[in-house]
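First the structure, in the form of structure tokens, and then the observations on it.
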Amino acid sequence: MRVKICGITSVEDARLAVEAGADALGLVFYPPSPRNVTPEQAAEIARAVSPFVVLTGLFVDAHPQQVEAVLDLVPLNLLQFHGGENAPYCRQFRRPYIKALRMKPGLNPLDAMAAFPDARGILLDAYRKGVPGGTGDTFDWQRVPQASERQIILAGGLNPHNVAAAIAEAQPDAVDVSGGVEAAPGRKDAVKVREFIRAVRAAAPSGASPTELTQGV
Ligand SMILES: O=C(O)c1ccccc1NCC(=O)[C@H](O)[C@H](O)COP(=O)(O)O
């Protein structure tokens with residue numbers, strides 16, 4: 001079970017997340033968010049982090065030139081598109097990407113993810129009208145497709161106290177959290193980060209997915 005800590009805004013928070021065992025860090029390039037970072041700030045964070053930790057750059061319906069400008073400065077390993085982007089938009093940067101789908105009532109995630117066959121993963125997030133992400137809201141984890149061939153990342157309102165139940169119910173391949181491990185918007189809480197990752201490891205030890213655990217793989 002992989003863990004992404006999203007909304008990292010400082011070298012200090014990047015280091016505490018990596019030391020706690022995060023597999024990936026999320027850097028938000030979306031100015032209305034309190035977790036937004038500039039390309040220069042992101043480059044400083046990147047310099048401080050092991051090259052073996054996945055650096056994810058997050059965008060919301062960004063102009064392609066904005067994405068390219070970030071890529072010129074920041075050695076991102078992965079892009080995350082969190083708006084209404086389509087597959088041609090996402091693939092134009094010729095980088096691995098994950099596509100976020102907000103679980104609007106009535107949305108069929110299997111149909112929606114089929115539109116992004118070349119996405120490395122699909123991040124399923126809560127839906128709140130007018131707010132693209134980082135809502136702190138959960139959604140019905142029963143809606144997460146099971147036995148999908150795709151890599152499913154569960155997000156939305158996770159925290160140290162609910163992540164084990166979320167994993168048991170949704171059986172994702174990875175989890176993602178932002179607000180649930182913060183002391184304040186944009187500032188991570190070291191204890192919450194450690195508790196979150198500890199809870200994930202307890203729910204899915206040795207990195208195995210819950211499916212592998214229950215099927216004795
Ligand atoms: O984190 C943000 O502020 C944000 C703003 C706009 C678009 C996406 C954003 N975050 C993307 C993420 O992947 C978050 O981790 C995800 O939405 C879950 O956030 P939370 O419910 O706070 O754990």
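Order of appearance sets the numbers: ligands from 1, and atoms from 1 within every ligand.
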Show me the donor-acceptor pairs, under 3.5 Å and distance only, between side chains in residues 13-30 and residues at least two apart or in other chains.
| unit_1 | atom_1 | unit_2 | atom_2 | d |
| --- | --- | --- | --- | --- |
| D13 | OD2 | K188 | N | 2.9 |
| D23 | OD1 | R2 | NH1 | 3.3 |
| D23 | OD2 | V3 | N | 2.7 |
| D23 | OD2 | R201 | NH2 | 3.3 |

Can you establish whether the number of heavy atoms outside Q92 located under 6.0 Å from its atom CD is more than 12?
yes
Name the atoms and distances for all side-chain donor-acceptor pairs under 3.5 Å in residues 47-60, with sequence neighbours left out.
| unit_1 | atom_1 | unit_2 | atom_2 | d |
| --- | --- | --- | --- | --- |
| S50 | OG | F52 | N | 3.0 |

Check each protein residue for a heavy atom under 4.0 Å from ligand 1 and list those that pass, ordered by chain and number.
K4, C6, Y30, S33, R35, L58, V60, Q80, H82, D125, P132, G133, G134, T135, G136, G156, G157, D176, V177, S178, G179
Taking the cut-offs as 6.0 angstrom to the six-membered ring centre and 45 degrees off its axis, would you call K99 and F81 a cation-pi pair?
no
Determine which pairs satisfy side chain to side chain donor-acceptor pair (under 3.5 Å) with at least one residue from residues 64-84, sequence neighbours left out, and list them in order.
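Residue pairs passing side chain to side chain donor-acceptor pair (under 3.5 Å), neighbours aside: K4-Q80, Q80-H82, H82-D125.
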Main-chain N/O of R128 paired to R102 side chain as donor or acceptor, under 3.5 Å:
yes
